[in-house]
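Convention: sequence-line order gives letters A, B, ...; per-chain numbering from 1. Below, each value reflects all heavy atoms present in this structure, side chains not excepted, and no hydrogens, waters or symmetry copies.
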Amino acid sequence: MVMVENRHQALGLSDDQVLEMYETMLLARKVDERMWKLNRAGKIPFVISCQGQEAAQVGAAFALDREKDVIAPYYRDLGVVLSFGMTARDLMLSGFAKAEDPNSGGRQMPGHFGSKKLRILTQSSPVTTQVAHAVGAALASRMKGEEIVTFTTFGEGSSNQGDFHESANFAGVHKLPVIFMCENNQYAISVPVKKQLACERVSDRAVGYGMQGKTIDGNDPLAVYEAVKEARERALRGEGPSLIETVSYRLTPHSSDDDDKTYRTVDEVEEAKKKDGLFQFSTYLQSVNVLTEEKEKAIHDRVDQWVEDATDYAEAAPYAEPESALLYVYEE
Amino acid sequence: MVMVENRHQALGLSDDQVLEMYETMLLARKVDERMWKLNRAGKIPFVISCQGQEAAQVGAAFALDREKDVIAPYYRDLGVVLSFGMTARDLMLSGFAKAEDPNSGGRQMPGHFGSKKLRILTQSSPVTTQVAHAVGAALASRMKGEEIVTFTTFGEGSSNQGDFHESANFAGVHKLPVIFMCENNQYAISVPVKKQLACERVSDRAVGYGMQGKTIDGNDPLAVYEAVKEARERALRGEGPSLIETVSYRLTPHSSDDDDKTYRTVDEVEEAKKKDGLFQFSTYLQSVNVLTEEKEKAIHDRVDQWVEDATDYAEAAPYAEPESALLYVYEE
Amino acid sequence: MPVRSYIEAVTLALREEMQRDENVFILGEDVGVRGGVFRATAGLFEQFGEARVMDTPLTESAIAGVGIGAAMYGTRPVAEMQFADFILPAVNQIISEAAKTRYRSNNDWTVPLTIRAPYGGGVHGALYHSQSIESIFANQPGLKIVMPSTPYDVKGLLKAAVRSNDPVLFLEHKRAYRLIKGEVPDEDYTLPIGKADVKREGEDITVITYGLAVHFALQAAEKLAEEGISAHILDLRTVYPLDQEAIIEAASKTGKVLLITEDNKEGSIIGEVSAIIAEHCLFDLDAPIRRLAGPDIPAMPYAPPMEKFFMINPEKVENAMRDLAEF
Amino acid sequence: MPVRSYIEAVTLALREEMQRDENVFILGEDVGVRGGVFRATAGLFEQFGEARVMDTPLTESAIAGVGIGAAMYGTRPVAEMQFADFILPAVNQIISEAAKTRYRSNNDWTVPLTIRAPYGGGVHGALYHSQSIESIFANQPGLKIVMPSTPYDVKGLLKAAVRSNDPVLFLEHKRAYRLIKGEVPDEDYTLPIGKADVKREGEDITVITYGLAVHFALQAAEKLAEEGISAHILDLRTVYPLDQEAIIEAASKTGKVLLITEDNKEGSIIGEVSAIIAEHCLFDLDAPIRRLAGPDIPAMPYAPPMEKFFMINPEKVENAMRDLAEF
Ligand SMILES: Cc1ncc(C[n+]2csc(CCOP(=O)(O)OP(=O)(O)O)c2C)c(N)n1
Ligand SMILES: Cc1ncc(C[n+]2csc(CCOP(=O)(O)OP(=O)(O)O)c2C)c(N)n1
Ligand SMILES: [Mg+2]
Ligand SMILES: [Mg+2]
């Protein structure tokens, strides 16, 4: 067997921690896959996926303080919210739009995360608005003298929105403890990155906000972990925000309403699947003898069981009463 | 007398051309000064100034094709619009809000330039919207196969607006023939540049749009001329947009409604006046024997006469009829 | 006459106008190879090429703003907002710029720009893919807002919008896209922007509405006819500026008026319709001016029972019409 | 009781709330050392320091968006938009985010954010420094829009806005800033958001309005009283959501209603007021519901004769009131 460098120990991650990371990535993937099946079976109207981005999401989330930090994720961030305490059941409740869905009580589409308890700011659909909220939360946390950072994510297409620019600049000027992570998955629906941005890397934009910018392999959770950890430390030292771009590939169509064959080839997608961060991480963990065959099987079984339970529970759960739609417009 | 390098000939500018540039700068300054006097005398309700930015404005405008190029200037650009054919009389008519004002027929405040005949896109007050219009005009001109560029300007504070980001990126992706010039005058009303931007230079933002960025001494019309000329040539060669930052200083309060003593010292302003591009250019022209004492006097006399005539004409001119306010909401 | 769906009428109108005038071009998110997420621009990229069917970066303010600049320069851009809900980042460009350009330049510059956007609910779109957004813009002189109900009107009004020398917000009900079909001639025709249209003549009650609800009202009218109730139905078609004359005429005709919108009730454009009636023909009325609208909650939730609770539907319309007739 | 100007009441309310609650802070353009371009925050930077009176970059969407994030985190930001006209780049953050946060999170997250903005004309502000912008937002459940007319109301309502656990758009008439003075107690008090206020009791005609026009109506009422005409004047104070009960009561009382706004007529919030009346107390009316408003042109031109032509003023109000009384 070839000797592979143990990278996670060098980063201060224990074997248990990386296994937990792997399990979280797998759970995100499997919840997502199940959602597609449910959608194709006509049981839920909509899915939007994390597939291909779990490595970046979980790598980043584990670099944060998951008990204290605040996050403003975007719709693909199953891996992030699972790391922050959202459960498969919570996500399935959201997929089925049931009353018990902690994100919105079935009011929002799946992928619109939010939980005060878990410090996940509530999300909307118009892209990039959350970036400003993250900056606001960072400002408020610093005012209150709290030792935390705020972490926000968005797609590369969304990095063109005015709100990204205004928010990044605001954070730069006030040296706020916030981390901007752009999950570059090469497409904004059908539009490839070269028609979205003229710069080589999204991280090239960092200098315009006086902040550090880095582009990282988004299929490598440890590389993302390292970058986010460093950004977090800099933020806590008062050195301001960072912009981290993680490069990977969107393995599914944009959403269950999309047909990606109209704008990209099956070959291109198959090629990208070879670099899938989930399998790469599994291979790495095996190569450093952390993930044995039995362990892999145990993890898969556990995750499958969670997904199964979550689906059954959510499908059987009740909808909110129709008239409850009138509640919570204002404080009551 | 000390020998000074003849910089303008090296740039391909004739003596007559640089004298015309100087005269235009002086005219802008003197129109502006007169507007302040009229305001303080209670004759016009509002002024917003070009003072301190004439060198950059006129340097840039003369590098364009003033018979063909399209411009989307901002409210301080007296030097630009005078170079493009607006007259002192036109500007005074606008200052007095008279019917004959070619910009708006007295409908808009002074500083809101616009003239189809002169290819000056009509401007509004919300900052930075014109940047998108410039990009649109560049797109349309390229569609029509015309060999022109579009030129737009804005303040450094305004470079933080979402519209700057979205428009610059759009132009970068589509390699449009447009020049973005940021007139960095160190303040956005009372807010100094270091509280507006965290980057060192506004031009640091260019890389994020895959375009060339340059920071130029805005008190040196020849340096600005050179940069804009080069940007224009690149645009016409299909090499896309450029971002040029001209650094100077706002010599007046933000507007006639402002009191700059509340946020900056008189010393700071006096110090900046020493670098005033208008006087520097006069000194240069004298040193290369282009501007003689007689010529200087003749120019001053001519400019004074124009300002005088313009003021008299505009003051005596009639307002639009009150009911004419109802006209031109839609095509009639 | 060929029968076409509402969305086919959109595509047809765009194709014809692009053939007719090379200054017409399309810009928006995913409008190119993808043909739009609803496929309203399907086939146009293939027919007219990338330069005239342009995928833009994901930036609504720039889509509107670049469209405005291109329109000022003499082209006729048709900008697509992917969902009406996502027009909001472009509000400044639309209200401050497009709407005011002609006026502020004293008739010197104009913005012949059409902005298309799919609006409306009933498609499991939840809070941010279901909204009615017309009232946000329905107080902006210089702008026109067209909201057609039938494929025939779509074609004629969209072509008129593209040819208009003023900016037009053209709002298409996304649930109507494939649900509503109707005869659409192959010939070139336009319909006048600013004119409402009587979709059914009647004597007992007047229904004034627009968009998908026109069809609900027409269905209900058929049923009520069997009960001996005759409904007059006015389709506003242009919701800003309103066709005051047609509104006054329709209201006066029966003296009993029901106004319907899918939007939240308070502040919707039917409030203005009511005000016009109360101002001009109050003494012709035999009943209070009724309004049927969505509840005042932030658009409709995702869960089907709550979505259904929110949406106007044929039953709600029928009941409201019968109720009014019985007043 | 001390007499204070309208703008002094703004500053006082802000100062008191900042003293009362350290979570209250101010952000906006030039609000710091400069004390605001109208000087509404004058002295607060000196008293509370830079961290709580924060000059932001020139970016309205970020001002609103950062305010929203900070509010979600548990502070009470008061954001200033330098002119109401420049709130438009922030529309997406205000409508999509602030207004919908409580609802979309099923009551989990809230946005206790106040956004202040000077609106209104008559100050040589031309098209972009004179606008009334309330109708753009007056169809957004989750948001409240307050537009006070007197210094007393300013203080009480602004303090209530800061303490509100929902987002409030607080619109201050910039011409009222120094023109309108009135008694403002030193004591801490708040006034209820959502409640209209009878500013004058009367029997013959009802005027319903808000902002600066309240004063024009009060002046006119004095004059008309000499002619034997008694006017009842209702100040809406909160223009969204409207105080329906108060509107119905005021309209029913005299049966003759004049609605006044400085905004363009079509699509202004007084259309909704009219619709409420026409829906609930039509048979109490003795005259058509009249509206006095600005013409439907894009805000007011700069040249004084055209600005005057646009603006509501005491004479126009007096004439409209007399006219109605004589109906
Ligand atoms: C303001 C706005 N405009 C348009 C949309 C529709 N839309 C949803 S996702 C998306 C593409 C996003 O691309 P990117 O930012 O790269 O993120 P990705 O989906 O690839 O992760 C678009 C156009 C939206 N949600 N919000
Ligand atoms: C969208 C918008 N917000 C606020 C204003 C008010 N305002 C006018 S000029 C200005 C400062 C502009 O600063 P900068 O961009 O640096 O240009 P400068 O005036 O210094 O030339 C502000 C805040 C405005 N006109 N538009
Ligand atoms: Mg993407
Ligand atoms: Mg400046």
For D:I269, is it the side chain, the backbone, both, or neither that has a heavy atom closer than 4.5 Å to a heavy atom of chain C? neither
C:N139 and D:I136: CA distance, side-chain angles, deciding distance, side chain to side chain contact (heavy atoms under 4.5 Å, CB included) verdict: CA-CA 7 Å; C:N139 177 243; D:I136 295 171; 5.5 Å; no
Flag the one option from D:P295, D:A126, D:A287 with the top tally of heavy-atom pairs under 4.5 Å to chain C. D:A287
Atom pair NZ/OH of D:K100 and C:Y128 - distance to nearest 0.5 Å: 6.0 Å
Answer key: most heavy-atom pairs under 4.5 Å with chain D among C:R290, C:Q244, C:K265, C:Q140 is C:K265
Output the residues of residues 273-286 of chain C for which the shortest heavy-atom distance to chain D is under 4.5 Å, in residue-number order; output 'none' if no such residue exists. C:S274, C:A275, C:I276, C:A278, C:E279, C:L282, C:F283, C:L285, C:D286
Measuring heavy-atom distances to chain D, does C:L242 have an atom under 4.5 Å in its side chain, in its backbone, in both, or in neither? both
Top residue by heavy-atom pair count (under 4.5 Å) with chain D, among C:P288, C:P298, C:G271, C:A99? C:P298
Give, as side chain, backbone, both or neither, the part of D:E266 having an atom under 4.5 angstrom from any heavy atom of chain C. both
Can you tell if the side chain of D:N92 reaches within under 4.5 Å of the side chain of C:V91, non-hydrogen atoms only? no
Is C:Q131 in contact with chain D via its backbone, its side chain, both, or neither, using a 4.5 Å heavy-atom distance? side chain
Can you tell me which portion of D:Y240 sits under 4.5 Å from chain C's heavy atoms? Options are side chain, backbone, both or neither. both
Distance-only, no hydrogens or angles: does the D:Y103 side chain make a donor-acceptor pair with backbone N or O of C:A299 under 3.5 Å? no
